[in-house]
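We're numbering straight along the sequence, starting at 1. Keep in mind that this is a model prediction, so the values were computed, not measured.
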Amino acid sequence: QVQLVESGGGLVQPGGSLRLSCAASRSISSINAMDWYRQTPGKERELVAAIANGGDTNYADSVKGRFTISRDIAKNTVYLQMNSLKPEDTAVYYCHAKVIKMSGITYQYWGQGTQVTVSS
């Protein structure tokens, strides 16, 4: 079982920056992958950025060059640094964790979400 708690959302002007944090209830070095998703009303949740256990990262094309996912293993925390924010980045951002057991069974966990609003 993994509990995830996001923080850092808020209102920011276009071109501004925010850093989201996702604190896990257990060592993230034992989690296969941690990701950030976002969702707007009426749309499916979309993957924004991912970091694998080995440190490899992956980004949606829409945020490449603007967002950076990182982690602090000692703090069991994953971050999403968001720069050059645009109104279309407005969404609820969710932290997600994937744990793959030796049996092959995959467990997925979600945080409660944090609202990011980009508006002047």
Side-chain angles (χ1 to χ4, degrees):
Q1 189 79 1
V2 181
Q3 278 89 41
L4 303 170
V5 179
E6 301 106 331
S7 61
L11 173 64
V12 64
Q13 292 188 341
S17 298
L18 280 175
R19 188 177 80 158
L20 305 183
S21 299
C22 172
S25 61
R26 64 183 244 195
S27 173
I28 61 174
S29 60
S30 66
I31 297 174
N32 295 87
M34 293 192 71
D35 322 299
W36 287 97
Y37 283 74
R38 66 186 181 188
Q39 188 171 27
T40 54
K43 292 188 176 181
E44 289 190 2
R45 201 169 287 188
E46 65 168 349
L47 179 65
V48 175
I51 185 163
N53 187 270
D56 291 341
T57 58
N58 188 41
Y59 298 92
D61 288 342
S62 59
V63 306
K64 279 181 182 176
R66 301 188 297 121
F67 291 12
T68 302
I69 189 170
S70 63
R71 63 185 180 178
D72 186 331
I73 292 175
K75 294 183 178 180
N76 296 331
T77 301
V78 173
Y79 303 98
L80 184 67
Q81 178 66 44
M82 305 185 293
N83 299 327
S84 302
L85 282 161
K86 305 174 181 180
E88 51 264 42
D89 294 317
T90 296
V92 178
Y93 284 70
Y94 296 91
C95 182
H96 169 260
K98 182 167 63 178
V99 177
I100 305 173
K101 297 293 189 180
M102 293 286 287
S103 63
I105 296 175
T106 299
Y107 294 87
Q108 300 192 60
Y109 305 93
W110 294 92
Q112 81 285 357
T114 185
Q115 176 71 46
V116 171
T117 302
V118 184
S119 175
S120 55

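- Environment of CD in Glu44: sparse, with no more than 12 heavy atoms of neighbouring residues, nucleotides or ligands closer than 6.0 Å.
- With no hydrogens or angles considered, no side-chain donor-acceptor pair links Ser119 and Thr117 at under 3.5 Å.
- One hydrophobic cluster, built from ILVMFWY side chains closer than 4.5 Å, holds both Leu20 and Tyr109.
- Between Ser84 and Ser17, the shortest heavy-atom distance links the atoms N-OG, 4.4 Å.
- From Ile31, atom CD1 reaches atom CG of Asn53 across 9.0 Å, with rounding to the nearest 0.5 Å.
- Taking OG1 of Thr106 as the start and NZ of Lys101 as the end, the distance is 10.5 Å to the nearest 0.5 Å.
- Residue Val92 is not grouped with residue Leu85 when hydrophobic side chains (ILVMFWY) are merged at heavy-atom distances under 4.5 angstrom, including chains of intermediate members.
- For Arg66, the salt bridge (charged side-chain N to carboxylate O under 4.0 Å, His left out) criterion is met by Asp89, not counting sequence neighbours.
- Remark: Ile51 CD1 to Asp35 CG distance equals 10.0 Å, nearest 0.5 Å.
- Across every non-hydrogen atom of Tyr59 and Ala49, the tightest pair is CD2-CB, 3.6 Å.
- When all heavy atoms of Val78 and Ile28 are compared, the closest pair comes out as CG2-CD1, 4.2 Å.
- To the nearest 0.5 angstrom, Glu6 atom CD is 9.5 Å from Trp110 atom CH2.
- In terms of hydrophobic clustering, with Ile, Leu, Val, Met, Phe, Trp and Tyr side chains grouped at heavy-atom distances under 4.5 Å, Val2 and Tyr79 are assigned to different clusters.
- Residue Cys22 comes nearest to Met34 through the heavy atom pair SG-CE, 4.0 Å, listed as atom of the first residue, atom of the second, then distance.
- Hydrophobic clustering (side-chain heavy atoms under 4.5 Å, transitive across Ile, Leu, Val, Met, Phe, Trp, Tyr) keeps Tyr94 apart from Val48.
- Taking all atoms of both residues into account, the shortest heavy-atom contact from Ser29 to Ile73 is CB-CG2, 4.2 Å.
- By the criterion of side-chain heavy atoms lying less than 4.5 angstrom apart, applied directly or through intervening Ile, Leu, Val, Met, Phe, Trp or Tyr residues, Tyr37 is not grouped with Val99; the two fall into different hydrophobic clusters.
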With side chain to side chain contact (heavy atoms under 4.5 Å, CB included) as the test, would you mind laying out the steps for Val63 and Arg38 before giving the verdict? CA-CA 12 Å; Val63 306; Arg38 66 186 181 188; 4.0 Å; yes
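- In this structure, Asn76 CG and Arg71 CZ are separated by 11.0 Å, a value rounded to the nearest 0.5 Å.
- The heavy-atom pair separating Ala24 from Leu4 by the smallest distance is CB-CD2, 3.9 Å.
- Once rounded to the nearest 0.5 Å, the distance linking CE of Met82 with CG of Leu18 reads 4.5 Å.
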